[in-house]
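Everything on this sheet refers to the single structure shown next.
A note on names: the letters A, B, ... follow the listed sequences, proteins ahead of strands, and every chain is numbered from 1.
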Number of protein chains: 2
Amino acid sequence: MKLITRDTDYAIRALCCMAKSDNELVSVSDLCNKLRIPRPFLRKILQILNKKKILRSIKGQNGGFKLNISSRRITLFSLIVAFQGNFKFNECTFKKSVCPEIKKCKIRKKINKIERYVVKQLKNISILSLVAERG
Amino acid sequence: MKLITRDTDYAIRALCCMAKSDNELVSVSDLCNKLRIPRPFLRKILQILNKKKILRSIKGQNGGFKLNISSRRITLFSLIVAFQGNFKFNECTFKKSVCPEIKKCKIRKKINKIERYVVKQLKNISILSLVAERG
DNA sequence: TTTAAAGATACCATATTAGTATCATTTGTC
DNA sequence: GACAAATGATACTAATATGGTATCTTTAAA
Ligand code: FES
Ligand code: FES
């Protein structure tokens with residue numbers, strides 16, 4: 001049950017890298033040399049981050065990407081949502097047909113409680129916190 | 001990032017059902033009538049639970065399944081592991097090649113901390129706790 | 001001996017994940 | 001203006017995981 005898929009993971013690394021390089025413009029080529037991520041895959045990932053307004057892109061020669069918002073405001077939660085869609089540990093297996101059998105579905109209740117905790121934690125992990133020397 | 005997949009979920013329900021029916025022998029037919037789970041799929045699931053010694057099976061006419069251990073000792077954690085393999089929120093994306101770049105891999109550290117909490121919680125949710133009237 | 005159960009295994013369909021490939025567009029440089 | 005080097009957009013593909021079926025064997029009660 002991967003919490004973080006490959007693309008999310010690469011995104012995190014790329015963003016960390018960009019945050020560390022003092023928000024200069026970086027090209028995909030530079031990044032994938034540093035991070036050893038397959039180039040076309042990384043391109044796709046950065047394009048998504050651009051659409052989500054997390055990165056800003058500049059086209060043309062000497063173009064590239066840079067952070068569009070502060071690294072403090074980019075959280076693991078938002079990245080997971082960006083690449084993996086809505087955060088949901090468990091959906092209702094049966095759509096209202098059998099659920100009532102197990103009164104008020106304790107499974108869901110308990111799982112949701114755990115989920116709320118995890119979401120809270122993930123919202124608290126920012127790119128800044130990942131590149132900071134201590135923490 | 002589903003924490004609980006369909007088979008695990010069905011297993012939970014089946015076990016809850018068996019725990020509630022005072023540990024009588026139940027056949028797959030009975031169970032899938034009650035729970036509206038596709039029969040051959042439920043069979044496969046119960047066979048797995050049998051191999052994991054969570055259920056005990058009795059072959060032949062009037063055969064079926066029953067709990068092999070106390071419902072208090074069957075945890076969500078053990079069921080997730082049984083059906084979904086080792087519990088791991090995140091694996092190392094790069095096998096030692098780039099990891100060191102991000103010192104001591106804070107991503108992993110932070111994710112693992114969350115994971116430890118979740119595992120602890122899941123070990124604390126037993127089938128008994130799911131069928132109990134209050135809790 | 002028939003029948004109704006589980007055991008074992010192989011197969012199949014769909015969805016998700018992890019990418020590639022290609023072509024169009026933009027922009028700095030000569 | 002032509003070219004090169006970058007991103008934008010989009011379609012395609014391969015591998016794996018998920019959610020099942022199908023089928024045949026074995027067991028044991030009636
Ligand atoms: S199965 Fe539907 S809410 Fe629990
Ligand atoms: S990527 Fe390998 S431990 Fe972090």
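Residue A:K88 places its NZ atom among more than 12 non-hydrogen atoms of other residues, nucleotides or ligands, all under 6.0 Å distant.
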What are the atom names and distances for every N/O pair under 3.5 Å that joins the protein to nucleotides 2-4 of chain D?
none

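Close to D:dA28, at under 4.0 Å from its OP1 or OP2, lies no side-chain N or O of B:N62.
One atom, CG of A:L25, and another, C1' of D:dT7, lie 11 Å apart when rounded to the nearest Å. For B:I45 and C:dA8, the CD1 to P distance is 16 Å, given to the nearest whole Å. Atom CG of A:L31 and atom C1' of D:dT7 are 13 Å apart (whole Å). Protein atom CG of A:N33 is 11 Å distant from nucleotide atom P of D:dA6, rounded to whole Å. When the P atom of C:dT26 is taken as reference, atom CZ of A:F65 falls 15 Å away, rounded to whole Å. Per the geometry, CD belonging to B:Q47 stands 16 Å off P belonging to D:dG20, to the nearest Å. Atom pair A:D30:CG and D:dT7:C1' shows a separation of 14 Å (rounding to whole Å applied). In this structure, A:L42 atom CG and D:dA6 atom P are separated by 14 Å, rounded to whole Å.
You'll find that the side chain of A:S27 is closest to D:dA6, out of D:dG8, C:dA5, D:dA6.
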*Under 4.0 Å protein heavy-atom contact, by nucleotide of nucleotides 10-22 of chain C - B base, S sugar-phosphate only*: -------SSBB-B
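The side chain to side chain donor-acceptor pair (under 3.5 Å) test with A:T8 is passed by exactly one of A:K2, A:R13, A:Q84: A:Q84.
The backbone N or O of A:F89 lies less than 3.5 Å from a partner atom in the side chain of A:E115, making a donor-acceptor pair.
Applying the side chain to side chain donor-acceptor pair (under 3.5 Å) rule to pairs touching residues 64-82 of chain B yields B:R56-B:N68, B:T75-B:S78, sequence neighbours excluded. Listed by first and then second residue, the ring-ring contact (aromatic ring centres under 6.0 Å, His included) pairs that reach into residues 17-40 of chain A come to none, sequence neighbours excluded.
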Side-chain atoms of residues 21-31 of chain A: list all donor-acceptor pairs with protein atoms under 3.5 Å, sequence neighbours left out, distances to 0.1 Å.
from  : atom 1 : to    : atom 2 : distance (Å)
A:S21 : OG     : A:C17 : O      : 3.4
A:S21 : OG     : A:M18 : O      : 3.2
A:N23 : OD1    : A:L67 : N      : 3.0
A:S27 : OG     : A:D30 : N      : 3.3
A:S29 : OG     : A:R39 : NH1    : 2.9

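A:L76 and A:V81 fall within a single hydrophobic cluster, where Ile, Leu, Val, Met, Phe, Trp and Tyr are joined by side-chain heavy atoms under 4.5 Å apart, directly or via other members. In the hydrophobic cluster analysis, where Ile, Leu, Val, Met, Phe, Trp and Tyr join through side-chain heavy atoms closer than 4.5 angstrom, A:L128 is grouped apart from B:I111. B:L15 and B:I58 are assigned to two separate hydrophobic clusters, defined by single-linkage of ILVMFWY side chains at heavy-atom distances under 4.5 Å.
Residue A:G60 is in base contact, counting any heavy-atom pair closer than 4.0 Å across all strands shown.
At a non-hydrogen distance threshold of 4.0 Å, A:N50, A:K51, A:S57, A:I58 from residues 48-58 of chain A come into contact with DNA chain D.
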*Quick one: do A:R116 and A:K120 satisfy side-chain contact (heavy atoms from CB on, under 4.5 Å)? Show the steps, please.*
CA-CA 6 Å; A:R116 279 195 298 278; A:K120 197 173 143 197; over 6 Å; no
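By the 30° and 60° cut-offs, the orientation of the rings of A:Y10 relative to A:F41 is perpendicular.
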